[in-house]
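Sequence lines set the chain letters: A, B, ... in the order given, protein chains first and strands last, and positions in each chain run from 1.
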Amino acid sequence: MISITNYILHIDVNSAYLSWTAAYRLQQGYELDLRTVPAVVGGSEKSRHGIVLAKSMPAKKFNIITGESIRDAYQKCPKLICVAPNYDLYMKASAAMVEIIREYSPKVQRFSIDECFVDYNDLATGRHAIDIAKEIRKRMWDELGFTVNIGVSTNKILAKMGSDFQKPDRVHTLFPNEIQAKMWPLPVGDLFMVGSRTEAKLKGLGINTIGELAQTDVALLSAHLKSHGYLVHAYANGIDHSPVRKSNREIVKGMGNSTTVRFNVEKREDANLVLLSLAESVGMRLRQASVCAGLVSVSIRSTEFTGGGHQRKISVTTDSTTYIHKIAMQLFDEMWDGQLIRKLGLRVSDLYSNDYVQLSLLEEFDFERQKALDDTVDKIRGKYGSSAIHRASFLHSGLRPVTGGIQDDGEDEYPIMTCIL
DNA sequence: TCTGGGGTCCTAGGACCC
DNA sequence: TCTGGGGTCCTAGGACCC
């Protein structure tokens with residue numbers, strides 16, 4: 001017998017935004033634990049950000065689902081408590097969680113703000129992975145005040161599926177010899193990477209459970225789902241060879257920001273300002289990551305929820321706020337048909353290290369001068385905050401001079417957290 | 001005052017080249 | 001004078017995730 005020494009853990013915060021908010025409020029001296037009553041984290045309806053981002057277990061009992069409008073949620077439960085998101089708090093809570101997890105293994109992959117994978121070798125400590133998982137679960141509660149689910153297995157897909165079993169505050173195993181008993185009876189839509197469209201197609205083929213998917217001829221699946229068919233078939237059989245990567249950061253493919261504007265945009269000049277504020281944050285993020293982009297994309301969503309995207313490769317790679325904005329406006333002008341706009345997005349990709357920025361001789365654009373300006377603005381914002389300096393065109397516009405990334409809803413802000421979390 | 005924001009990967013079709 | 005084949009690049013859009 002060969003004993004397994006390498007395990008994969010998947011750690012997932014239960015109702016992350018809500019749990020973190022609840023834990024924080026307890027620390028601040030609130031009596032009520034939001035996790036014990038129907039409560040949601042959601043944006044404000046007035047600024048048209050009113051959807052449920054996270055819900056408590058009691059809220060779930062009222063059939064409130066993530067992503068639905070706050071209004072619909074109130075209809076289901078009039079006593080519902082709704083609190084604003086606090087992304088600064090979430091980043092801190094996430095960092096505190098990862099710091100503890102890294103005590104057990106150097107191979108930790110942050111999969112999202114509230115999830116990570118751990119490659120754990122029990123030769124290192126002589127302790128079994130299941131015991132480690134139980135200890136991590138307990139420490140999250142004791143030291144940070146929130147609960148997690150942990151899945152333990154031998155690869156990422158099984159660990160992830162395992163962490164999704166009964167919640168909250170549980171450790172589950174899903175080893176290969178447990179697949180048939182624990183995973184195959186589940187509805188096919190529960191499988192990672194089977195979303196609503198794929199689920200509908202599979203049901204059309206008479207496939208209703210993960211087990212049925214696992215035992216379907218992969219040729220049939222690929223005929224209907226192309227390469228996605230191979231993927232979900234492998235996942236249904238618990239097959240996944242992807243490694244736990246130490247870092248996601250080095251392999252970022254693109255970055256973008258988008259915003260639902262507080263009012264319907266009908267004037268080009270307002271769209272121009274919104275895209276400028278998005279370019280400010282995208283540009284800052286590029287410069288912070290020391291990369292330049294070779295592709296710019298703009299997306300528009302109308303008040304009718306129609307719309308699309310428009311993108312263009314650019315002849316230079318750039319991290320210039322002003323240049324990105326200039327391209328974005330070209331794209332906008334080519335695409336906009338005058339419809340009322342609800343949401344605008346700006347995204348850059350084709351990222352290259354900015355060590356070798358090419359300066360185009362053809363462009364009538366002074367990259368050197370803009371670079372100096374961007375650097376100065378970044379320094380001031382780094383020191384005094386992103387609202388310390390902004391372009392005069394935003395004065396009296398009713399628009400944010402910088403849009404995207406970590407920011408809160410503005411109305412009901414929490415103070416910066418100072419406690420242990 | 002219905003419907004957020006940030007990502008990744010895949011596919012299809014047209015342009016263009018040899 | 002309807003007509004091949006292979007390849008890459010570019011753009012649009014769909015599907016999935018948290």
- With a 4.5 Å limit on heavy-atom distance, are the side chains of L158(A) and I179(A) in contact? yes
- Item | Options dT3(B), dG4(B), dC16(C), nucleotide nearest the side-chain atoms of L53(A) | dG4(B)
- note: Y17(A), atom OH; dG4(B), atom P; distance rounded to Å ~ 15 Å
- Minimum-distance nucleotide to R197(A) side chain [options: dG6(B), dA15(C), dC18(C)]: dA15(C)
- Item | Whole-Å distance separating the CG atom of L225(A) from the P atom of dA15(C) | 11 Å
- Task: Could you state the atom-to-atom distance from CD of E115(A) to C1' of dG6(B) in whole Å?
- Result: 14 Å
- The side chain of T260(A) lies closest to which of these nucleotides: dT11(B), dT8(B), dG4(B)? dG4(B)
- Note on the structure: Quick note, Q311(A) side chain, CB onward, closest among dT1(B), dT11(C), dC16(C) is dT11(C)
- To the nearest Å, how far apart are I51(A) CD1 and dC18(C) P? 15 Å
- Query: At under 4.0 Å, does any side-chain N or O of K226(A) touch on OP1 or OP2 of dT11(B)?
  - Reply: no
- Query: Looking across every strand, which nucleic acid part, if any, lies under 4.0 Å from S297(A) by heavy atom: base, sugar-phosphate, or nothing?
  - Reply: nothing
- Query: dT8(B), dC16(C), dT1(B): which one has an atom nearest the side-chain heavy atoms of K253(A)?
  - Reply: dT8(B)
- Is any side-chain N or O of S227(A) closer than 4.0 Å to OP1 or OP2 of dT11(B)? yes
- Message: Does a side-chain N or O of S112(A) approach OP1 or OP2 of dG6(B) to a distance below 4.0 Å, or not?
- Response: no
- Task: Could you say whether D72(A) or G256(A) is positioned toward the 5' end of DNA chain B, judged by the nucleotide with the nearest heavy atom to each?
- Result: D72(A)
- Message: With a 4.5 Å cut-off on side-chain heavy atoms, are V377(A) and R381(A) touching?
- Response: yes
- Item | Presence of salt bridge, R391(A) and E280(A), under 4.0 angstrom | yes
- Ranking dC16(C), dG6(B), dA12(B) by distance to the side chain of H228(A), first place goes to dC16(C)
- Contact class for E68(A) vs. all strands (heavy atom < 4.0 Å): base, sugar-phosphate, or nothing? nothing
- Message: Are Y7(A) and Y120(A), when compared by the centres of their aromatic rings, separated by less than 6.0 Å?
- Response: no
- Query: Mind checking whether Y24(A) and Y30(A) have ring centres under 6.0 Å apart?
  - Reply: no
- Between F111(A) and dC18(C), do the rings stack, that is, sit under 5.5 Å apart with planes less than 30° off each other? no
- Query: Has N257(A) got a side-chain N or O lying under 4.0 Å from the OP1 or OP2 atom of dG6(B)?
  - Reply: yes
- Rounded to the nearest 0.5 Å, how far apart are CG of L53(A) and OH of Y17(A)? 7.0 Å
- Task: Calculate the interatomic distance between R347(A) atom CZ and dC9(B) atom C1'; express it in whole Å.
- Result: 12 Å
- Rounded to the nearest Å, what distance is computed from the NE2 atom of residue H49(A) to the C1' atom of nucleotide dT1(B)? 13 Å
- Task: For Y230(A) and dC10(B), give me the distance from atom OH to atom P, rounded to whole Å.
- Result: 14 Å
- Would you indicate which nucleotide in dC18(C), dT11(C), dG5(B) comes nearest to any side-chain atom of R312(A)? dT11(C)
- Query: Hey, is the side chain of R71(A) pairing donor to acceptor with the base of dT1(B) inside 3.5 Å?
  - Reply: yes
- Task: With a 3.5 angstrom cut-off on both distances, give the Watson-Crick or G-U wobble partner of dC18(B), or none if there isn't one.
- Result: dG5(C)
- Message: Of the listed nucleotides (dG6(B), dG4(B), dA12(C)), which one gets closest to any side-chain atom of H310(A)?
- Response: dA12(C)
- Message: I want to check one thing: is the phosphate of dT1(B), taken as OP1 and OP2, less than 4.0 Å away from some side-chain N or O of R342(A)?
- Response: no
- Could you point out which residue of V244(A), L9(A), V108(A) forms a side-chain contact (heavy atoms from CB on, under 4.5 Å) with D119(A)? V244(A)
- With a non-hydrogen cut-off below 4.0 angstrom, is G67(A) in contact with a base, only sugar-phosphate, or nothing? nothing
- Can you figure out which of dC18(C), dT8(B), dG5(B) approaches the side chain of K160(A) most closely? dC18(C)
- Message: Under 4.0 Å, heavy atoms only, any strand: does F305(A) hit a base, just the sugar-phosphate, or nothing?
- Response: base
- Consider the side chain of T259(A), meaning its heavy atoms from C-beta on, and name the nucleotide among dG6(B), dT11(B), dG5(B) that approaches it most closely. dG5(B)
- Roughly, in whole Å, what's the span from CG in L231(A) to P in dC17(C)? 10 Å
